[in-house]
Engineer: 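Starting off with a structure, shown below.
These numbers come from the heavy atoms of this one structure, side chains and all, not from hydrogens, waters or symmetry mates.
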Amino acid sequence: MKISMLEALERLPAAPTALYPEGAPSVAVFEHGSMQLKLFTPSTNVDRRDRQQPHQQDELYLVQRGRAQMVIDGATFAAGAGDAFFVAAGAPHRFDDFTPDFATWVVFYGPHGGEK
């Protein structure tokens, strides 16, 4: 299985949801067992805000392009192409001050509640 970032970007925004009536800013591209890979681009949100809620699984963010501020449990980190972030299941997190071209892969994995 293979997908490029450009192929994934062509699928965005994804179908509308209750939280994203303008179309979801992420699209799942691979799923296997507990693992799901998504591409996330919060700039597709009409209000230009990252409206993520804490997730039930652990997550890895792998920034592909653009810049942002990543906030995890109240701590803020500069985020740019090539950076990786771990977010534990249930931890509040979001991207702030992202550039219009910001895009990141997100890997969800493990049991609900996170790995111990």
Side-chain angles (χ1 to χ4, degrees):
M1 297 189 296
K2 177 189 178 211
I3 191 162
S4 72
M5 185 180 73
L6 294 177
E7 290 170 320
L9 284 169
E10 289 175 358
R11 299 181 187 181
L12 290 170
T17 67
L19 186 58
Y20 301 103
E22 70 275 22
S26 67
V27 61
V29 295
F30 294 135
E31 296 184 50
H32 180 78
S34 72
M35 184 278 299
Q36 183 180 58
L37 174 65
K38 290 185 168 188
L39 185 67
F40 177 60
T41 60
S43 63
T44 61
N45 296 337
V46 294
D47 59 3
R48 299 248 328 122
R49 288 187 318 108
D50 180 355
R51 292 180 241 151
Q52 289 189 78
Q53 301 297 310
H55 299 100
Q56 296 181 2
Q57 290 177 286
D58 291 331
E59 302 170 74
L60 291 174
Y61 285 87
L62 307 166
V63 179
Q64 291 298 294
R65 69 180 194 186
R67 292 180 316 283
Q69 297 293 311
M70 175 61 149
V71 180
I72 305 171
D73 268 335
T76 302
F77 307 91
D83 289 338
F85 297 92
F86 170 76
V87 178
H93 61 285
R94 70 183 183 281
F95 289 99
D96 286 335
D97 301 323
F98 43 83
T99 58
D101 64 337
F102 181 78
T104 184
W105 295 110
V106 187
V107 180
F108 295 88
Y109 67 94
H112 286 198
E115 293 189 357
K116 303 299 176 209

Engineer: Going by side chain to side chain donor-acceptor pair (under 3.5 Å), name the pairs with one or both residues in residues 33-44, residues two or more places apart or in two chains.
Structural biologist: E31-Q36
Engineer: Would the distance check show the side chain of D47 and the main-chain N or O of R49 forming a donor-acceptor pair, the cut-off being under 3.5 Å?
Structural biologist: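 Flag set: sc D47 to bb R49 pair under 3.5 Å.
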Engineer: Among pairs that include at least one residue of residues 88-105, which meet salt bridge (charged side-chain N to carboxylate O under 4.0 Å, His left out), considering only residues two or more places apart or in two chains?
Structural biologist: R94-D96
Engineer: Could you identify which residues cluster with V71, counting Ile, Leu, Val, Met, Phe, Trp and Tyr as linked when any side-chain heavy atoms lie under 4.5 Å apart, either directly or through a chain of such contacts?
Structural biologist: none
Engineer: Tell me, please, which residues at least two apart from Y20 pass ring-ring contact (aromatic ring centres under 6.0 Å, His included).
Structural biologist: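 In terms of ring-ring contact (aromatic ring centres under 6.0 Å, His included), with neighbours along the sequence ignored, Y20 is linked to no residue.
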Engineer: If you look only at pairs with a residue in residues 57-80, which of them pass as a salt bridge (charged side-chain N to carboxylate O under 4.0 Å, His left out), with sequence neighbours excluded?
Structural biologist: none
Engineer: Scan residues 106-115 for pairs that pass salt bridge (charged side-chain N to carboxylate O under 4.0 Å, His left out), counting only residues two or more places apart or in two chains.
Structural biologist: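 Non-adjacent pairs meeting salt bridge (charged side-chain N to carboxylate O under 4.0 Å, His left out): zero.
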Engineer: Out of curiosity, does V106 fall in the hydrophobic cluster containing M5 (side-chain heavy atoms, cut-off under 4.5 Å, transitive links)?
Structural biologist: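 No: no chain of side-chain contacts under 4.5 Å links M5 to V106.
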Engineer: The criterion is side-chain contact (heavy atoms from CB on, under 4.5 Å); which residues satisfy it with L60, sequence neighbours excluded?
Structural biologist: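 Scan of L60 (side-chain contact (heavy atoms from CB on, under 4.5 Å), adjacent residues dropped) gives F86, V107, Y109.
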Engineer: Could you tell me which residues satisfy side-chain contact (heavy atoms from CB on, under 4.5 Å) with A84, sequence neighbours excluded, listed by chain and number?
Structural biologist: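 So A84 forms a side-chain contact (heavy atoms from CB on, under 4.5 Å) with L62.
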Engineer: Taking the side chain as every heavy atom from C-beta outward, state whether L37 and M35 have any atom pair closer than 4.5 Å.
Structural biologist: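 Yes, side chains in contact.
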Engineer: Please answer: with hydrophobic residues joined when any side-chain heavy atoms are less than 4.5 Å apart, are F98 and W105 in the same cluster?
Structural biologist: no
Engineer: What is the ring orientation for F85 with F77, classed by angle as parallel under 30°, tilted 30 to 60°, or perpendicular over 60°?
Structural biologist: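 Tilted.
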Engineer: Tell me, please, which residues at least two apart from S4 pass side chain to side chain donor-acceptor pair (under 3.5 Å).
Structural biologist: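 S4 satisfies side chain to side chain donor-acceptor pair (under 3.5 Å) with E7 once adjacent residues are dropped.
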Engineer: Y61: which residues meet the ring-ring contact (aromatic ring centres under 6.0 Å, His included) condition with it, sequence neighbours left out?
Structural biologist: H93, F95
Engineer: Please table the atom pairs, donor to acceptor, closer than 3.5 Å between any side-chain atom in residues 21-29 and protein atoms at least two apart or in another chain.
Structural biologist:
residue : atom : partner : partner atom : Å
E22     : OE2  : V46     : N            : 3.3
E22     : OE2  : R51     : NH2          : 2.4

Engineer: Roughly how far, to the nearest 0.5 Å, is OG1 of T104 from CG of L39?
Structural biologist: 7.5 Å
Engineer: Name all pairs fulfilling the ring-ring contact (aromatic ring centres under 6.0 Å, His included) condition that reach into residues 22-41, sequence neighbours left out, sorted by first residue then second.
Structural biologist: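 For residues 22-41: none.
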Engineer: Taking all non-hydrogen atoms of both residues into account, name the closest pair between P92 and P54 and its distance.
Structural biologist: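 Where P92 meets P54 most closely, the heavy atoms are CA-CG, 3.9 Å.
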